[in-house]
Number of protein chains: 2
Amino acid sequence: MSQTVDRALSILPLLAEGPANLEQVSVRLGVHKSTALRLLRTLHEHGMVYRQADQRYRLGARLFALAQQAAENLDVREIAHPHLVALNEACGHTVHLAVLEESEVLYIDKVESRYPVRMYSRIGKPVAITVAAVAKLLLADLPAPERRALAEKLDYPRYTPRSTPDAAAFLAELATVRAQGWATDLGGHEESINCVGAPVRGTDGHVVAAMSLSAPNVVVTADELLTLLPLVRRTADAISREYSGTAPAPSAIDPAQEA
Amino acid sequence: MSQTVDRALSILPLLAEGPANLEQVSVRLGVHKSTALRLLRTLHEHGMVYRQADQRYRLGARLFALAQQAAENLDVREIAHPHLVALNEACGHTVHLAVLEESEVLYIDKVESRYPVRMYSRIGKPVAITVAAVAKLLLADLPAPERRALAEKLDYPRYTPRSTPDAAAFLAELATVRAQGWATDLGGHEESINCVGAPVRGTDGHVVAAMSLSAPNVVVTADELLTLLPLVRRTADAISREYSGTAPAPSAIDPAQEA
DNA sequence: AATCGTGTTGCATCCTCTGCAACGCTCATT
DNA sequence: AATGAGCGTTGCAGAGGATGCAACACGATT
C-alpha cells in the first residue's frame with residue numbers, strides 16, 4: 001500500500017539473513033543507493049537496524065524489545081503461565097502454549113524441564129502446522145470453510161513416515177480432534193517425540209490457544225504419555241476458566257487438584 | 001529522515017503498549033485516520049501487526065520471527081551458549097550473556113537454574129547500565145573519550161544504597177574493572193542480589209560480550225560468589241578463545257576443566 | 001428508525017521521496 | 001606519494017506517491 005514503508009520493511013527480513021552493506025541492500029531492494037541509505041537511516045533511528053563496526057547493517061535491539069513487549073501483552077500467556085509451570089513440575093515434561101495468527105501457529109510460551117534454555121529459539125519459529133498437536137487443536141476450531149481452505153493451501157512435508165500426508169488426512173484428523181476435544185502428535189514431527197494437547201477456550205467457547213505436553217520415547221512411551229492426558233485437559237480447562245473470568249486467579253496452583 | 005517510514009515505525013512501540021484501534025493510532029501519530037489506515041495496512045502486509053477479532057491492532061508474529069533471527073545471527077551467542085550451560089550446571093546460578101549496542105547493554109542469553117521460564121522476559125529489556133556487572137565490563141572497554149561521554153550522558157538511578165551514584169564514581173569503577181579484567185555488582189541493582197562477571201574478547205582483544213553469574217544473598221554470600229570468579233573467568237576466556245578461532249569447538253565442555 | 005462511532009474509499013493537492021550526479025573518504029596498488 | 005577503485009554521503013530538481021478531506025458503508029446502541 002505504501003511504497004516507502006513497504007520498501008523499508010522489506011529490508012528487515014533481508015537483514016535477518018545476515019549483515020549486509022548499503023550496496024547489497026539497494027540492489028536487493030531494486031532502488032538507488034541513496035534511497036536505501038535514507039530508508040536504513042530511518043530504520044536506524046528507530047533502533048530496528050544496527051550499524052556494526054564494518055559499516056554493515058544488522059537487525060537491531062529494538063526488535064527484541066518490541067517482540068518481548070508483544071509477548072507480554074498476550075494475556076492468555078500471562079494467565080496460562082503459572083499453570084504451565086505447575087504442569088511441568090507435576091510431570092517433568094516440556095509444556096508448550098500456542099496461538100493461531102494469520103494462518104500461522106505460533107508458540108508463545110514454553111516450559112522445559114531439563115534444559116532451561118533458548119526459550120526464544122522457539123518463539124516465532126514456524127510450527128509444523130500439519131502435525132503439531134497444538135496446531136491441530138487451533139485449526140480444528142476454525143469454521144469449516146476456512147478450515148478446508150487452509151488445509152488445501154498447506155504443504156504436507158513428510159517429516160517422518162507418520163506425518164500427516166495430505167489435506168484429506170489432515171481434515172479427517174481435525175474432525176477427530178474437534179470431536180474429542182484433544183489432540184496428539186505421535187512421532188509425526190520427530191520420530192521419537194510424542195505430544196498430547198488440549199485447547200484453551202474463551203468465554204464463547206472458541207479456542208483461543210492450545211497447550212501440549214511433549215516427551216521423547218526414551219523417557220515415556222506414547223501410551224504412558226496418554227495417561228497424562230486427563231491432567232493436561234484439566235490444566236487447559238483451568239486456564240480456560242481463569243481466562244474467561246469464571247474462576248478467580250488461584251493463589252497456588254496444583255495441577256493434580258485441578259478438577 | 002523518511003517521514004512515511006518514520007510514522008509507520010512509530011506505530012510499533014505504540015502497539016507494544018497494548019492493542020489499539022485505528023482512531024487511537026491516528027491520534028497518537030498526529031495524522032489523519034486514512035493515513036494511519038494505510039500505514040497499518042502496509043505493516044499488516046509485512047506481518048508486523050496483526051488485526052485481532054475486535055478489529056484492533058496488535059504487534060504481529062513476524063516481529064517474533066525477526067527478533068529470533070536477529071538473535072541467531074549473533075554468533076557470539078551461538079558459541080557461548082554451551083559454555084553458559086556448562087557453567088550453570090557446575091554452580092547452579094543464573095548466567096547472563098550481554099553485548100553493547102548503540103549505548104545500550106542488551107542481554108542476549110540467559111541460563112537460569114531453578115526457574116526455567118520466561119527467558120524472553122529479559123531479552124531486550126533495558127539493562128541497568130550503571131550497575132550491572134556486564135555493563136561495566138562492556139563500557140570499561142570503550143575508548144576513554146567515548147566512555148567519558150557516555151558516563152556523563154547516563155542517568156544514575158538509586159536502585160539501592162549501593163548503586164553507582166554518579167558519573168565520577170562510575171568512571172572510577174570502570175577504570176578498576178578495566179584494570180582487573182572482571183567486574184561485580186554487589187547489591188547495586190537489587191539489594192539482595194550479587195553478580196560477578198568477566199569479559200569475552202575478540203581476536204583483537206576488544207571486549208565483544210560480557211557474561212556474569214548472579215545469585216541472591218540467601219543462597220550464597222557475596223564472598224562465596226566471589227570464590228567462583230576464577231571459574232567465571234575461565235569460562236569467559238574459553239568462549240573468547242573459541243570465538244577468536246584459536247580453540248576448536250570442544251565436543252564436551254566441562255567448566256571445571258577449562259584452563 | 002435514527003444516531004453515533006468506526007472503518008473505508010476516491011480524489012485533488014501538495015509534499016516528500018526518488019534517482020541522478022558530484023563529492024569525499026578510505027584503502028590498496030603502483 | 002600518487003592514482004584509482006570502491007563505497008558511502010549529500011544537494012538538487014522533478015515526479016510520483018502520500019496526505020487530508022469529505023463522503024460513504026456498516027454495525028451497534030438508543
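No experiment lies behind these values; they were computed from the predicted model shown. Every chain is numbered from 1 and lettered A, B, ... according to where its sequence line falls, protein lines coming before strand lines.
- The outermost nucleotides of DNA chain C lying under 4.0 Å from heavy atoms of chain B, listed 5' to 3', are C:dT6 to C:dC17.
- If you check the side chains of A:R38 and A:S34, you find a donor sitting under 3.5 Å from an acceptor.
- Closest approach of A:L174 and A:K136 over heavy atoms only: CD2-O, 3.4 Å.
- Checking B:V200, B:I79, B:D237 one by one against B:E242, the side chain to side chain contact (heavy atoms under 4.5 Å, CB included) holds for a single residue, B:I79.
- Using a 4.0 Å heavy-atom cutoff across all strands shown, B:R41 reaches sugar-phosphate atoms only and no base atom.
- For the residue pair A:Y57 and A:R51, a side-chain donor N or O sits within less than 3.5 Å of a side-chain acceptor on the partner.
- A salt bridge is absent between B:R28 and B:E23; no separation between the charged side-chain nitrogens and carboxylate oxygens falls under 4.0 Å.
- Ring-plane geometry between B:Y107 and B:H96 is classed as parallel, the angle between the planes falling under 30 degrees on a 0 to 90 degree scale with a further cut at 60.
- Of all heavy-atom pairs between A:V25 and A:A20, the closest is CG2-CB, 4.0 Å.
- A:L154 and A:T130 get closest at one heavy-atom pair: CD1-CG2, 4.0 Å.
- End-to-end axis angle of the helix from C:dA1-D:dT30 to C:dT30-D:dA1, from C1' rotation axes over five pairs per end: 30° (rounded to 10 degrees).
- Closest heavy-atom contact between A:V177 and A:A183: CG2-CB, 3.7 Å.
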Task: Contact state string [nucleotides 18-30 of chain D, B base, S sugar-phosphate only, - no protein heavy atom under 4.0 Å] - done: SBBBB--------
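- Between the C1' atom of D:dG6 and the CG atom of A:D54 lies a distance of 15 Å, rounded to the nearest Å.
- Scanning all heavy atoms of the two residues, the minimum distance from A:L15 to A:L40 falls at CD1-CD2, 4.4 Å.
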